[in-house]
Protein chains: 2
Amino acid sequence: MIDVARLAGVSHQSVSRVVNGSGGVSPEIRERVERAVAQLRYRRHPAARALATNRTFSIGVVSFGLAQYGPSEALAGIAREAQEAGYSTSLTSLLDVDVESMAEAVGHLIDDSVDGIIVLAPVDAALTAMEGVDVDVPLVLFYPGAHAHEQRVVTDEVRGAELATAHLLDLGHPTVHHISGPEGWLGTSARIAGWRLALQARGIEPPATVEGDWTAAGGAGCAEQLSVVPDVSAVFAANDQMALGAMKAFNAAGLSVPDDISVVGFDDIPGSEYFRPPLTTVRFDFAEVGRRAAHHIFELIAGARPDPARPVVPDLIVRDSARHRPLAVI
Amino acid sequence: MIDVARLAGVSHQSVSRVVNGSGGVSPEIRERVERAVAQLRYRRHPAARALATNRTFSIGVVSFGLAQYGPSEALAGIAREAQEAGYSTSLTSLLDVDVESMAEAVGHLIDDSVDGIIVLAPVDAALTAMEGVDVDVPLVLFYPGAHAHEQRVVTDEVRGAELATAHLLDLGHPTVHHISGPEGWLGTSARIAGWRLALQARGIEPPATVEGDWTAAGGAGCAEQLSVVPDVSAVFAANDQMALGAMKAFNAAGLSVPDDISVVGFDDIPGSEYFRPPLTTVRFDFAEVGRRAAHHIFELIAGARPDPARPVVPDLIVRDSARHRPLAVI
DNA sequence: CAGAGAGGTACCACGATATTG
DNA sequence: ACAATATCGTGGTACCTCTCT
């Protein structure tokens, strides 16, 4: 910068003003500085800037399960929004979701003195860990539940699960069984809650859930358990992978989907339209969720009112894996 | 840091030595400093450090197609490896893969003065863009081809495609048709090359390819085209999504997979084992690729010999979507 | 007189503030 | 009042010097 100042024949401070557009610079000097900047290919030094301003213009993301569809989409959304706002995105990957590694990951980011933190790890541990860790940095959590909160970006998965379950009930099924996600995930409880709500709204007592692990193999295992339960005609799986595995297992057990048994998934992962049968499922715009989270963080950084954003809403995508309840065998 | 020095009754320089473990500090002073550090919860300031050392201890990643299975896995690997090495990972998401946005993304990262850049965008444009952009920062490209190079981490997708094609030929199919990825992707050419190689090794003239777009819908479209071509009995799809779509389309056309037609995919995405039929495919350990890329960058940063790493090798995962060629109809 | 441990000083590249023209 | 400059502070590290065995 001093080189630029020298070449333009001004003080480095004037250069700073021009570069940051802070005004109070005569057109003539601005012109001279800009020429010098171009000539020297000057780029400002973020570290020095950070040192002087105590702002890094970077946000940190704590992620877990990046290989999952939702989180990776959301991450792309975050990165995009951050880029447009002139922020850089610093990524931390969680090895485990216990409180300790959460705290460590957040600590890492704080050490990097990020201006804000987005926690993209929708697990219970994240919530409790964040209560323990006392952070003086703006922080936003992805929250797949229903409760708005100034530190959360909410995807209303409760509503999504309700939609899926209600759809099956509307098709005439007397009840709906649920293949849930693994314990410890916020999405698991949210989807269970929505499923319960939909059943109870019609006075139906929710049957026991079967716990999967988000994978197709897990879903298949759950379906095997369900296929020996009498009167199972409709199943809501907590994600598409498990729905895929479940459909396969039902078929292997001699139960045709959707003729004998209806299945609805959750996520609308790429390809779910091409499953056999095409999967009826619930779609969220996860990239939008990411963008909102980033936007929210920027407002918090700017000290703005933390406006708890309306939740991102789901869409039910009706395809062929769920049909009217089979007629009773005569 | 000066506070720590004051509390410990030493010079700030000694504190620096202790914090960085540069040695030359007496045990007694080290002890005093460490106590002071703990008491004051001192954490060093990365911006100041960066300013003084001209190193940021962060690497930049230029990504494209994060929603795809391979890249997102690789990204997780990178983040992990970086974390262990004490680096932070700065993520830039590409809007488009033309030369211009590549250059812009890299420019962003350079503005952030990262110590190294990993380009996780396996497209032709990345290659050409990188030739144009003159970067004085260590840079590593993901390269899904076969040519080792000091700036590349190679996944030998040519070999993977050969494996897939040879498997089909070994099953007795007279030739193998290929549903390729879209033009402009390095993986597309690599997989075409491998497929050609395997055919030519047996003196078979490669038939025309059908170009897809990585999606299941695209794969289905390609399969529709192929199903009217006579004598198509084996198809190698450039990724699992397209294979999924293709299998569906073949079935819709009255062609059973694998009885009438064999299909092999590429990637081994989660769930491919639960497709109907379970998909025979080619697996790469993309997380490992990510880890290697990060490791490679660190060596380059350290000024080490750029040892062109051996490529990551594929595994053929044999499942049920490919069988012996159907007997000729009598 | 080495050599090791400790301290002192300059500097990194910028922004904020006060001061000068 | 306004534009431009000088000076200082930011939190570290690099390098040189000094002291004391």
Q | Minimum heavy-atom distance between B/Ala79 and A/Leu91, given as atom pair plus value | A |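 Looking at all heavy atoms of both residues, the closest pair is CB-CD2, 4.0 Å.
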Q: Provide the closest heavy-atom pair for A/Thr188 versus A/Pro182 in the form atom of the first, atom of the second, distance.
A: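 So the two residues come closest at OG1-O, 2.8 Å.
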Q | Residue met sooner reading DNA chain C from 5', once A/Arg17 and A/Arg49 are mapped to nucleotides | A |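 Taking each residue's closest nucleotide, the earlier one in sequence belongs to A/Arg49.
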Q) Closest nucleotide of DNA chain C for A/Val19 versus for B/Arg32: which of these residues is on the 5' side? A)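 Checking each residue's closest nucleotide, the 5'-ward one belongs to B/Arg32.
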Q. Is A/Ile29 touching bases, backbone alone, or none of the nucleic acid, heavy atoms closer than 4.0 Å?
A.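 Touches sugar-phosphate only.
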Whole-Å distance separating the [atom1] atom of [X] from the [atom2] atom of [N]:
X: B/Leu40; N: D/dG11; atom1: CG; atom2: P; result: 13 Å
X: A/His45; N: C/dC14; atom1: NE2; atom2: P; result: 7 Å
X: B/Arg6; N: D/dG11; atom1: CZ; atom2: P; result: 12 Å
X: A/Asn54; N: C/dG15; atom1: CG; atom2: C1'; result: 12 Å
X: A/Arg43; N: C/dC14; atom1: CZ; atom2: C1'; result: 17 Å
X: B/Leu51; N: D/dG9; atom1: CG; atom2: P; result: 17 Å
X: A/Glu28; N: D/dA4; atom1: CD; atom2: C1'; result: 12 Å
X: B/Arg55; N: C/dC12; atom1: CZ; atom2: P; result: 19 Å

(Q) What I'd like to find out is whether the side chain of B/Ile117 reaches to under 4.5 Å of the side chain of B/Val140, using heavy atoms alone. (A)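 No, too far: nothing below the 4.5 Å cut-off.
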Q) So do the side chains of B/Asp96 and B/Phe64 get within less than 4.5 Å of each other, counting heavy atoms only? A)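 Not touching, per the 4.5 Å side-chain cut-off.
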Side-chain N or O of [X] versus OP1/OP2 of [N]: is the shortest distance under 4.0 Å?
X: A/Thr53; N: C/dC14; value: no
X: B/Ser16; N: D/dT13; value: yes
X: B/Ser26; N: C/dA6; value: yes

With the side chain of [X] defined as its heavy atoms from C-beta on, choose the nearest nucleotide among [options].
X: A/Gln13; options: D/dG11, C/dG7, D/dT5; value: D/dT5
X: A/Tyr42; options: C/dC14, D/dG11, C/dG7; value: C/dC14
X: B/Ser11; options: D/dT5, C/dG7, C/dG15; value: C/dG7
X: A/Val25; options: D/dA4, C/dA13, D/dG12; value: D/dA4

(Q) Distance criterion of 3.5 Å, no angle test: do you see the side chain of B/His12 paired donor-to-acceptor with the base of C/dG8? (A)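 No, the side chain and the base share no sub-3.5 Å donor-acceptor pair.
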Q. Just by distance, with hydrogens left out, do A/Asn54 and A/Arg49 show a side-chain donor and acceptor under 3.5 Å apart?
A.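 Note: A/Asn54 and A/Arg49 side chains miss the donor-acceptor criterion.
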